[in-house]
2 protein chains.
Amino acid sequence: MQIRDPGAILKNAGFRATKPRLLLLELLEKSHTPLSIHDIVAKLINDDIDRVTVYRSIEAFVRIGVVREVDFQGQLARYELPDTEYDHHHIVCTKCHKIEDFIGCDVERIEKKALHQSRSFSRISSHSFDLYGLCNSCA
Amino acid sequence: MQIRDPGAILKNAGFRATKPRLLLLELLEKSHTPLSIHDIVAKLINDDIDRVTVYRSIEAFVRIGVVREVDFQGQLARYELPDTEYDHHHIVCTKCHKIEDFIGCDVERIEKKALHQSRSFSRISSHSFDLYGLCNSCA
DNA sequence: TATCCATTTGCAAATATTTTGCATTAGTAT
DNA sequence: ATACTAATGCAAAATATTTGCAAATGGATA
């Protein structure tokens, strides 16, 4: 897995390398699962980063694609850094909310099928795919 | 497309056939796209159905699977009746939020792949799959 | 049909989440 | 070092969701 440098990400995206944004990207970089705003605020509160700053930074990051938003059923939105190599997705436990990754969702194939059926779309820019079930501990 | 009878749905699920719940299911039955709580409340306000009733009914319906929750990026949750025949999913315009359906997401195949990779899950109970892009009008 | 009981509802209020306005701070280019 | 603008923090507003509780009502039973 490639390590992404928060400073470089910000610079490339045309953002300033501020302390809040650097810390936010470092947090996402280190996390093994996508984090909710709540999670992020809880971590960054120690560094005196304001909740509003988190909202605004995430919004900006998602808008230009530096961060990916993930929406699980019945939960608040979560955020993670986009894949550099393999396009990964998530299996989520409907009871304990444990999250595990998997790769290989066969998008190209399905995009093609979908576009073939579509009257209003000619190009797909992104996708989401999530699996739900009880994890072995909860089952 | 099979027509589903709200009264029967409620009875089968062990719920009472109350006016608010019948109207809510009729609304979803007639809608061509998944509806947000906001959408639903806006419609049912004419029948003096309270916002809280909508929240509670939807919660109960989703919990037992009578209604399916759909979560698009950057939007509030939406709700629709589950498929009776083909498992359909959505293509969403990232600009105007237009929603179109497509079928054929090849779940079985991908579930198999995912479970093979998984250490913590042995069975998948549901999935979500959404495509995003600019619709022809917005592009 | 009348009665009973548990579910469901509506209203009020609490809580949680997200957005906005604005003055101040602080990157970064020159 | 200076200047310019993006970005931040704080307060407050706006939205969205949940909770408590008394009253209403569906539907089973007598």
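In what follows, chains carry the letters A, B, and so on, assigned in the order in which the sequence lines appear, proteins first and then strands, with residues in each chain numbered from 1. The figures that follow rest on heavy atoms only: side chains count, while hydrogens, waters and symmetry mates do not.
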Examine distances only and state if a side-chain atom of [X] and a backbone atom of [Y] form a donor-acceptor pair shorter than 3.5 Å.
X	Y	result
S31(B)	P34(B)	no
E80(B)	V70(B)	no
E69(A)	Q73(B)	no

How long is the line joining [atom1] of [X] and [atom2] of [N], in whole Å?
X	N	atom1	atom2	value
D50(A)	dC22(C)	CG	C1'	14 Å
L44(B)	dT9(C)	CG	C1'	13 Å
F15(B)	dG27(D)	CZ	C1'	16 Å
L22(B)	dG26(D)	CG	P	10 Å
L24(A)	dT8(D)	CG	P	9 Å
L23(B)	dT9(C)	CG	C1'	13 Å
H38(A)	dT18(C)	NE2	C1'	15 Å
R56(A)	dC10(D)	CZ	P	12 Å

Scan residues 60-78 of chain A against DNA chain C and write down, sorted by residue number, each residue with any heavy atom closer than 4.0 Å; if none is found, say none.
-> L76(A)
When you check the gap from the basic side-chain N to the acidic O, do E108(B) and K112(B) get nearer than 4.0 Å?
-> no
Is D47(B) salt-bridged to K19(B), going by a charged N under 4.0 Å from an acidic O?
-> no
Within the structure, does a side-chain N or O atom of [X] lie under 4.0 Å from either OP1 or OP2 of [N]?
X	N	answer
S57(B)	dT9(C)	yes
Y55(A)	dT18(C)	yes
T18(B)	dG26(D)	no

Check: D101(A)/H90(A) side-chain N/O donor and acceptor closer than 3.5 Å = yes
Within the structure shown, what part of the strands sits under 4.0 Å from R51(A) by heavy-atom distance: base, sugar-phosphate, or nothing?
-> base
Looking only at the side chain of [X] (C-beta and beyond, no hydrogens), which of the listed nucleotides [options] gets closest?
X	options	value
R16(A)	dT18(C), dC4(D), dG27(D)	dC4(D)
I37(B)	dT8(D), dG10(C), dT17(D)	dT17(D)
P20(B)	dT20(C), dT18(C), dT9(C)	dT9(C)

Joint hydrophobic cluster, F102(A) plus I110(A), side-chain heavy atoms closer than 4.5 Å =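 Yes; tracing contacts between hydrophobic side chains, which count when under 4.5 Å, links both residues.
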